[in-house]
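Structure first, then comments.
Proteins get letters first, then strands, A, B, ... in listed order; numbering begins at 1 in each. Only this structure's heavy atoms are used, side chains among them; waters, hydrogens and symmetry mates stay out. What you see is a predicted model; the values in this text were computed from it and never measured.
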Amino acid sequence: MFKDIFVFIECKEGSIRKVSFELLSKAKEISEKSLSTVYAVIIGNDIVAAANQLKEFADKVIVVNNEKLKNYRWDIFTHVMEQLIKKYKPYAVFGASTITGKDIFPRLAAKFNGAIVSDAVGAVFDGESIKIKKPLFGGKIISWIVCKDDSTFFVTFRPNSFPVEKRSLNGELIDETVDVVGDPRISLISTDKSGSKKVDLQEADFIICGGRGMKGPENFQMLEEIAGVMEGRVGASRAVVDSKWRDYNDQIGKSGKTVSPKLYIGCGVSGALHHTMGMDTAKVIVAINKDPNALIFQYADYGIVDDIFTILPVLKEELIKIKQEV
Amino acid sequence: MNILVCIKQVADTEARILLKSDKKSLEIENKYNMNFFDEFAVEEAIRIKSKIKDSQITVCTYGTKKAVEALRTAIAMGADRAFLLDNTGLDSDDPLIISKILANFAKQEGFDLIFCGRQAIDDENANIGAMIAELLGIPHVSAILKFDIIDEKKVRVESEIEGGKETLEVQLPALFTTQKGINEPRVPLITGVMKAMKASITVVDPSTFEGLSKELIDMTASKISVLTYETPKGRPAVKIVDGETPGEKVKSLIKILKEEAKAL
């Protein structure tokens, strides 16, 4: 049985994104049951060090290293992936449900006339096929899906869906030389990467989110400081973004980003359905709100009923202590 | 400019969704809207039309007869004509099939510019736009935040990328998916609503498209099958952390997060 899995690796500023290690861990778990091979596929420029890092997580590491792959472009990356998939004919291709994954995977699925499942949160191998777990309607319903495998199929998974497990595999590095050409109908004019140093909201293990109860944009500085201590990220509710207190990039919810951190702390967040649909897959939810009847408490694991402006300074000090202990 | 906007009618965020006893189908409360991200697509098309006078905006959807409501909303906003690609008897949710149907419609009509919403808020898939573009062999740019016409053959767009934004120039025909931030979708005026109520909406059977027989687009052709649906495990009731002072409350919370929840 050949059920080889490709994992499309994503890098950010030269480093492999955490979600790619998560996907390799899940792919390896499946491959051990299906006696197949996991290929980490890394394409980019100056990625040899990153490729070596992947050897511990994958049986084989396909590397396409080319200066023309310095910046992500769907047209170039799709063309490179197309050639690799044609050559290796994997059973499935896993990727992350990120801006990049959502851009490249549908085009690949259409190219190969293959099945696609996006924004999945789980996968199990039952001896015959890979069953994919995907939430629908903002998490109100969970579906279990199976793909027709008459051609390679494509799945993107939400970051923070799986733990990272290193397997010490010493996988084989395979240098591939393929055509690296883009679509001449598109040209890049400029790039602004001012937000690239921030932890990605969808990948963050720790999110502290502000709602209308923060009273104004200036008060988000306290949240930034706490996120800084925890190496996490500040999120915002829709009301906050609509009030222009925070950028849309920070918005968590149905019309913003869906997040699954290990710990989410909502500060002055009311708990409107729109918002909770974007965060209720967080592992642990803490709500801080002075209104004991705030809806957010219906979704939270733990709550503090108090004024956020008296709680936050103490919270910051306590979290600093914890970090110092570590 | 000949503009196509592909929209979807989705269950309202507040709609109750129930599992049927077979756990293979769902009962959705009768509350539907035009998909949130598609409103930006319709609005952007209307703004282009206000700049380029001889433009025509066509909206289309693949869905049930009920989806006509979403098409009428788009007409009320300012779209010129609407097509329902009727899924009666087809009923597949496979993104590949839906994209094939929409791409065939686009090919048949011929468009300079296609807009779709970034993703549907019911399945969160974000597949249809890029798949249509691939099937038509045209460029796409996802999640655009800004759209400017340079001339009838070229546009300049700004889109979200990992950790930032980029500006691209794209030759037409091309497809773009829209997201929050690009514009503020208008609320239809009463005159628009009246016009939309009277508008005739063309209902098309997708299996009549050249190259798309019923067998190629019905459930049996679907590349994905839902084995079962389930409801997510609910969380236990919230534990309110007590204490006399903010300091005590925070210390108790930290202790719980470390020892009980193992979240720190």
Side-chain angles (χ1 to χ4, degrees), chain A residues 12 98-100 102-103 106-107 109-111 114-119 131 136-148 183 185-196 198 248 254-255 262-263 273-274 277 283-284 286 297 300-306 310-311 314-315 318 322, chain B residues 11 13-14 17 19 26 36 94-96 99 121-127 130-131 133-135 139-140 142-143 156 160-171 174 180-181 223-232 235 238-241 246-247 249-251 253-254 256-257 261 263-264:
Chain A
K12 189 177 173 188
T98 54
I99 295 171
T100 303
K102 284 177 177 176
D103 207 33
R107 285 209 78 128
K111 257 183 207 302
I116 184 163
V117 180
S118 311
D119 211 38
K131 292 194 173 91
L136 298 171
F137 302 101
K140 286 181 190 173
I141 297 289
I142 304 294
S143 59
W144 282 95
I145 296 170
V146 70
C147 294
K148 211 180 253 185
D183 189 322
R185 295 168 294 182
I186 297 189
S187 44
L188 179 66
I189 305 301
S190 62
T191 306
D192 162 18
K193 286 206 167 179
S194 51
S196 63
K198 279 187 179 179
Y248 175 53
K254 205 77 199 84
S255 57
K262 280 186 190 152
L263 176 58
L273 188 59
H274 173 280
M277 280 178 156
K283 312 293 179 290
V284 177
V286 174
F297 289 120
D301 298 293
Y302 306 102
I304 291 181
V305 180
D306 210 325
T310 61
I311 295 290
V314 197
L315 181 64
E318 290 298 322
I322 285 187
Chain B
T13 314
E14 307 275 346
I17 319 275
L19 285 189
L26 302 171
F36 175 81
D94 182 350
L96 184 62
S99 303
I121 64 158
D122 51 2
D123 56 29
E124 312 236 357
N125 270 345
N127 286 328
M131 291 181 100
E134 179 60 39
L135 294 165
H140 85 276
S142 301
R156 181 176 285 211
E160 191 184 351
I161 53 166
E162 309 289 353
K165 292 169 185 170
E166 68 181 10
T167 304
L168 300 154
E169 277 185 9
V170 186
Q171 274 180 39
K180 185 173 172 177
K223 296 271 185 180
I224 54 170
S225 342
V226 175
L227 299 169
T228 179
Y229 292 111
E230 57 190 48
T231 45
R235 288 176 191 270
V238 63
K239 282 188 187 171
I240 298 294
V241 180
K249 289 178 184 176
V250 170
K251 280 186 178 147
L253 175 70
I254 296 283
I256 291 169
L257 291 177
L264 286 175

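- When side chains are defined from C-beta on, B:Val250 counts as touching A:Ile311, because their heavy atoms get closer than 4.5 Å.
- Proximity to chain A (any heavy atom under 4.5 Å) is shown, for B:Ala126, by both the backbone and the side chain.
- Scanning both residues, B:Pro232 and A:Gly139, for their nearest heavy atoms gives CG-O, 3.0 Å.
- When the candidates B:Asp123, B:Asn127, B:Thr228 are compared by the number of heavy-atom contacts under 4.5 Å with chain A, B:Asn127 comes out ahead.
- Heavy-atom pairs under 4.5 Å with chain B peak, among A:Lys131, A:Lys148, A:Arg185, at A:Arg185.
- If you measure heavy-atom distances from A:Tyr248 to chain B, the contacts under 4.5 Å come from the side chain alone.
- No other option in A:Lys111, A:Met277, A:Lys12 has as many heavy-atom pairs under 4.5 Å with chain B as A:Lys111.
- In this structure, the portions of B:Ile240 lying under 4.5 Å from any heavy atom of chain A include both its backbone and its side chain.
- Using modelled atom types, one finds no donor on one side chain facing an acceptor on the other under 3.5 Å when comparing B:Thr13 with A:His274.
- Note on B:Ala130, B:Ala263, B:Ser225: by heavy-atom pairs under 4.5 Å with chain A, the leading option is B:Ser225.
- At a 4.5 Å heavy-atom cutoff, the contact between A:Asp103 and chain B is made by backbone and side-chain atoms alike.
- In this structure the side chain of B:Pro246 never reaches within 4.5 angstrom of the side chain of A:Ile304, judged on heavy atoms.
- In this structure, the side chains of A:Lys283 and A:Leu263 stay at 4.5 Å or more apart for every pair of heavy atoms.
- For B:Glu162 and A:Thr100, the side-chain atoms include at least one donor-acceptor pair closer than 3.5 Å.
- When the candidates B:Ser99, B:Ser142, B:Gly247, B:Pro139 are compared by the number of heavy-atom contacts under 4.5 Å with chain A, B:Pro139 comes out ahead.
- For the set B:Lys239, B:Glu166, B:Arg235, the count of heavy-atom pairs under 4.5 angstrom toward chain A peaks at B:Arg235.
- A:Arg107 CZ to B:Met131 CE: the interatomic distance, rounded to the nearest 0.5 Å, is 11.0 Å.
- Within the 4.5 angstrom heavy-atom criterion, only side-chain atoms of B:Leu253, from C-beta onward, approach chain A.
- For B:Leu257, the part lying near chain A is the side chain, with the backbone staying farther off; criterion is any non-hydrogen pair under 4.5 Å.
- The candidate from B:Leu96, B:Val170, B:Val226, B:Val241 with the greatest count of non-hydrogen atom pairs under 4.5 Å with chain A is B:Leu96.
- Counting heavy-atom pairs closer than 4.5 Å to chain B, the top-ranked of the candidates A:Leu136, A:Ile186, A:Asp301 is A:Asp301.
- Without hydrogens or angle criteria, B:Asp94 side chain to B:Lys223 main chain gives a donor-acceptor distance under 3.5 Å.
- Closest non-hydrogen pair, B:Leu19 versus B:Thr231, comes out as CD1-N, 3.9 Å.
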Would A:Lys254 and B:Glu124 count as a salt bridge (charged side-chain N to carboxylate O under 4.0 Å, His left out) if you check the C-alpha gap in whole Å, the side-chain angles of each, and the deciding distance to 0.1 Å? CA-CA 9 Å; A:Lys254 205 77 199 84; B:Glu124 312 236 357; 2.5 Å; yes
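- For a residue to count as touching a neighbouring chain, one of its non-hydrogen atoms must lie under 4.5 Å from one of that chain's; by this rule B:Ile224 touches chain A with backbone and side chain alike.
- Contact count against chain A (heavy-atom pairs under 4.5 Å) is highest for B:Glu169 among B:Gln171, B:Arg156, B:Glu169, B:Lys251.
- Using a 4.5 Å heavy-atom threshold, the side chains of B:Leu26 and B:Tyr229 count as touching.
- Looking at B:Ala174, neither its backbone nor its side chain comes within 4.5 Å of chain A, counting heavy atoms on both sides.
- Contacts between B:Phe36 and chain A at a heavy-atom distance below 4.5 Å involve the side chain alone, from C-beta outward.
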